[in-house]
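Everything below concerns the one structure shown next.
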Amino acid sequence: MGPNKFHHFGGALSAADLVVAFYHYKLRYRATEPDWPERDRFVLSKGHAVPALYVCLARCGFFASRNWRP
C-alpha cells in the first residue's frame with residue numbers, strides 16, 4: 001500500500017459490515033449489466049473505506065480479484 005509500507009485499515013474495517021450488508025442484502029444491481037437503469041447507486045464518501053468496497057465489489061462479480069497487484 002505504498003513505498004513507506006504505512007497501512008491504515010481501520011477505516012476500511014469499520015465500514016466493511018455496512019458495505020457487505022448493502023451489497024448483499026439491500027442494493028439492486030446486476031454486476032454483469034453495470035448500465036442497468038433500475039440499479040441502485042452507492043456513494044462512499046469515506047475514502048479510507050475504499051479497500052472494503054473493492055473487496056465487496058470483487059466478491060459480487062464486478063471484477064476479478066486475481067487482477068489485483070500484491
Might you point out which heavy atoms bring [X] and [Y] nearest each other, and give the distance in Å?
| X | Y | value |
| --- | --- | --- |
| Y29 | C60 | OH-SG, 3.1 Å |
| K46 | G11 | NZ-O, 3.4 Å |
| A12 | A52 | O-CB, 3.4 Å |
| R28 | E38 | NH2-O, 3.1 Å |

Check your understanding: Say you draw a straight line from CG of L18 to SG of C56; how long is it, rounded to the nearest 0.5 Å?
Key ->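 It comes to 11.0 Å.
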Practice item. To the nearest 0.5 Å, tell me how far R59 CZ sits from H24 NE2. Key: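 That separation rounds to 7.5 Å.
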Check your understanding: Is there a path of hydrophobic side-chain contacts, each under 4.5 Å between heavy atoms of I, L, V, M, F, W or Y residues, that connects V19 with F63?
Key ->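 Same cluster: V19 reaches F63 through Ile, Leu, Val, Met, Phe, Trp or Tyr contacts under 4.5 Å.
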Review point. Are V50 and L27 grouped together when hydrophobic residues (ILVMFWY) are joined by side-chain heavy atoms under 4.5 angstrom apart?
Key: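 Cluster IDs for V50 and L27 match.
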Check your understanding: How would you list, by chain and number, every residue that makes a ring pair (Phe, Tyr, Trp, His ring centres under 6.0 Å) with F42, sequence neighbours excluded?
Key ->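 By the ring pair (Phe, Tyr, Trp, His ring centres under 6.0 Å) rule, F42 matches F22, Y23.
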Check your understanding: Has the side chain of R39 got a donor or acceptor atom that lies under 3.5 Å from a matching backbone atom of P34?
Key ->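 Such a contact is found between R39 side chain and P34 backbone.
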